[in-house]
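Because the structure is predicted, anything quoted here is derived from the model rather than measured. When a ligand or atom number is given, it counts from 1 through the structure's own listing order.
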Amino acid sequence: MIEFARIVTISDQTKTLTLKSGRDKSVRAHHPRLFSGAVKSIDGGPSDGDVVDVQDNKGEWLARGVLNRLSPIVVRLLTWRRDEVVDEAFWRARVAAAIARRNVDPLLAETDARRLVFGESDGLPGVIADEYAGQIVVEFSALCALRVRDIIVSALQESTGAARVLERIDEERLRSELGNNMRLVRAQQRESASGPASVQIREGGLRFLVDLSSGQKTGFYLDQRDNRRRVAAYCRGARVLNSFSFSGAFSVYALAAGAQHVTNVDSSQDALALARTNAELNGVSEVTHVVADALEDLRHRRTAGELFDVVVLDPPKYAHTPSQLERATRAYKDLNRAALALVRPGGVLATFSCSGVVDAALFQQSIAVAALEAHRNVRIVERLSQASDHPVLLSYPESEYLKGVVARVE
Ligand code: SAH
């Protein structure tokens, strides 16, 4: 039974996980996830959620992390330093360090909306924390993080002076982490203080309304911050189609940069309601909003003979696991093919994938097939990635998930 009381996880040398022979490579390379197939034995009677020491087949100490036998990720590794104890001070220091990195980031100087903690990339598996104008939304997606949620919340508050911390649970991911204990978690969703359901943030000299209560992700796609500015540079005087627009952030940037007109397409009515507000907030009016399935909408416009100077394509995650790769690649190909057909000769396609398992090469390949099928000559002019507050940890290349391509279409 998993204990959710306030805890301080203190490393206990007697709780030890031993790896199978030859299965120590990823741990030695500081990869933060240990998969169950590598485990030879677990000794000392640890409960799930306890800190364990990880050793190789010959008994050499390698690392320390939190055990969870219910998950295929059997240990979330936290430290490779034997003298580093996983106690309350450890977690507080990790949160403080993550925030300190953002505070010195020159790319974040112009905004009050930033990702403070990006999971493994900040040495905090299962924790995502975003700050929106002094309000923090924190999302827990692993047992390892849930067990120290009080500490994480208090550390976030302490390091930022935030007025309010809203806690969210990633139910889908936690289900595979907690099994039957999921019930316990739902009862524990909280916020540290009451406050508004939405808040206005500043980004790139513009204003956006972020829905804190029911927003997607944690309310705003912070990872696209730099890309909105880069894509807007192609939009002066342009007629733009923003497919999968969410709250229309790419569109507001484009109009502020002198776009003639933008069409937002999204399947979510709520997202488009926010998009309307965001256009108003920034005094831009040349926007049309269309609630539709994006692929159907693209194909419909093709039949109607419509053309755009710039098409932005930012679909949700299509592949969550490697087994979904083939289907996802086909979906990207179909979508990009339909989008390419709408770009006027000499125009621009800005296309994205946020599926971590689809790497840049595979994404490019699916656009290449789309170009062939659409009979268009396409040249990549810019490659885009995730914003600096979503850093890529070198020992965890999977933390690089957002890929974008700006292409000139003949
Ligand atoms: N570009 C946006 C983020 C897009 S997120 C930004 O910068 O803020 C993906 C969006 O796709 C979500 O708003 C979701 O509602 C929408 N979506 C998901 N499936 C869809 C579909 N089949 N057709 C249209 N929109 C869809």
Side-chain angles (χ1 to χ4, degrees), residues 111 113-115 130 132 137 198 200-204 206-212 214-232 234-235 240-257 259 262-279 281-282 284 287-301 310-320 324 327-328 330-332 334-336 338-339 342 349-356 358 384-387 389-390 401-406:
T111 185
R114 45 189 196 152
R115 175 148 294 186
D130 291 339
Y132 300 111
V137 179
S198 57
Q200 258 188 53
I201 56 136
R202 275 187 298 115
E203 192 194 88
L206 302 165
R207 302 207 151 265
F208 297 95
L209 192 68
V210 176
D211 184 349
L212 300 173
S214 64
Q216 304 185 29
K217 250 187 166 182
T218 59
F220 197 68
Y221 288 84
L222 299 167
D223 52 355
Q224 290 280 25
R225 183 187 305 111
D226 303 324
N227 302 336
R228 290 191 264 271
R229 185 176 44 79
R230 303 274 283 270
V231 172
Y234 297 87
C235 294
V240 180
L241 177 65
N242 184 5
S243 207
F244 304 93
S245 66
F246 184 54
S247 62
F250 272 101
S251 306
V252 170
Y253 270 71
L255 287 161
V262 184
T263 304
N264 283 329
V265 179
D266 202 284
S267 57
S268 157
Q269 204 122 33
D270 292 346
L272 290 178
L274 274 173
R276 277 196 189 87
T277 307
N278 285 333
L281 276 176
N282 294 282
V284 292
V287 203
T288 306
H289 298 91
V290 180
V291 180
D293 172 77
L295 183 60
E296 275 177 27
D297 174 82
L298 293 170
R299 288 178 170 161
H300 182 76
R301 290 177 193 279
V310 178
V311 175
V312 181
L313 208 54
D314 185 20
K317 199 170 178 175
Y318 282 160
H320 297 264
Q324 298 166 334
R327 208 193 49 181
R330 185 183 312 268
Y332 285 122
D334 288 344
L335 206 55
N336 280 281
L342 296 182
L349 172 68
T351 179
F352 296 92
S353 161
C354 60
S355 306
V358 177
L384 307 174
S385 183
Q386 61 220 45
D389 48 352
H390 299 59
Y401 66 99
L402 181 62
K403 298 149 295 283
V405 155
V406 180

Atom pair CZ/CG of R228 and L206 - distance to nearest 0.5 Å:
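Between R228 CZ and L206 CG, I get 10.0 Å after rounding to 0.5 Å.
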
Look only at interatomic distance and state if [X] has a nitrogen or oxygen under 3.5 Å from any nitrogen or oxygen of ligand 1.
X    : answer
D293 : yes
A294 : yes
S247 : no

Residue pair H300 / V290, side-chain heavy-atom distance below 4.5 Å:
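The answer is no; the side chains never approach within 4.5 Å.
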
For [X], atoms of ligand 1 separated by under 4.0 Å from a heavy atom:
X    : value
S268 : 15 (O)
F246 : 2 (C), 3 (C), 4 (C), 8 (O), 13 (O)
F250 : 1 (N), 7 (O)

Should the proximity of A292 to ligand 1, defined as any heavy atom under 4.0 Å, be assigned to the side chain, the backbone, both, or neither?
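It is the backbone that touches ligand 1; the side chain stays farther off.
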
Please work out whether any backbone atom (N, CA, C, O) or any side-chain heavy atom from C-beta onward of F220 is under 4.0 Å from ligand 1, and answer side chain, backbone, both or neither.
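Neither; no heavy atom under 4.0 Å.
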
Contacts of type side chain to side chain donor-acceptor pair (under 3.5 Å), residue S267, not counting sequence neighbours:
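S267 satisfies side chain to side chain donor-acceptor pair (under 3.5 Å) with no residue once adjacent residues are dropped.
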
Under 3.5 Å, which donor-acceptor pairs do the side chains of residues 310-319 form with other protein atoms, sequence neighbours left out?
residue : atom : partner : partner atom : Å
D314    : OD1  : Q224    : NE2          : 3.2
D314    : OD2  : Q224    : NE2          : 3.1

Name the one of D389, D130, D223 that satisfies salt bridge (charged side-chain N to carboxylate O under 4.0 Å, His left out) with R115?
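It is D130, the one option of D389, D130, D223 that forms the salt bridge (charged side-chain N to carboxylate O under 4.0 Å, His left out) with R115.
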
Given D223, L335, D314, which has its nearest heavy atom closest to atom 2 (C) of ligand 1?
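Shortest heavy-atom distance from atom 2 (C) of ligand 1: D314.
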
Can you check which of S245, S251, S267, P315 brings a heavy atom nearest to atom 25 (N) of ligand 1?
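Result: the heavy atom closest to atom 25 (N) of ligand 1 is in S267.
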
With distance as the sole test, does D266 use its side chain to make a donor-acceptor pair with the main-chain N or O of F246 at under 3.5 Å?
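Judged by distance alone, yes, a pair lies under 3.5 Å.
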
Got a salt bridge between R330 and D334, using NZ or NE/NH1/NH2 to carboxylate O under 4.0 Å?
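Between D334 and R330 there is no salt bridge, as every charged N stays at least 4.0 Å from the carboxylate O atoms.
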
Report yes or no: does a heavy atom of R228 sit under 4.0 Å from some atom of ligand 1?
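Contact present.
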
Please step through ring-ring contact (aromatic ring centres under 6.0 Å, His included) for the pair F220 and F208, ending with a clear verdict.
CA-CA 9 Å; F220 197 68; F208 297 95; 5.2 Å; yes

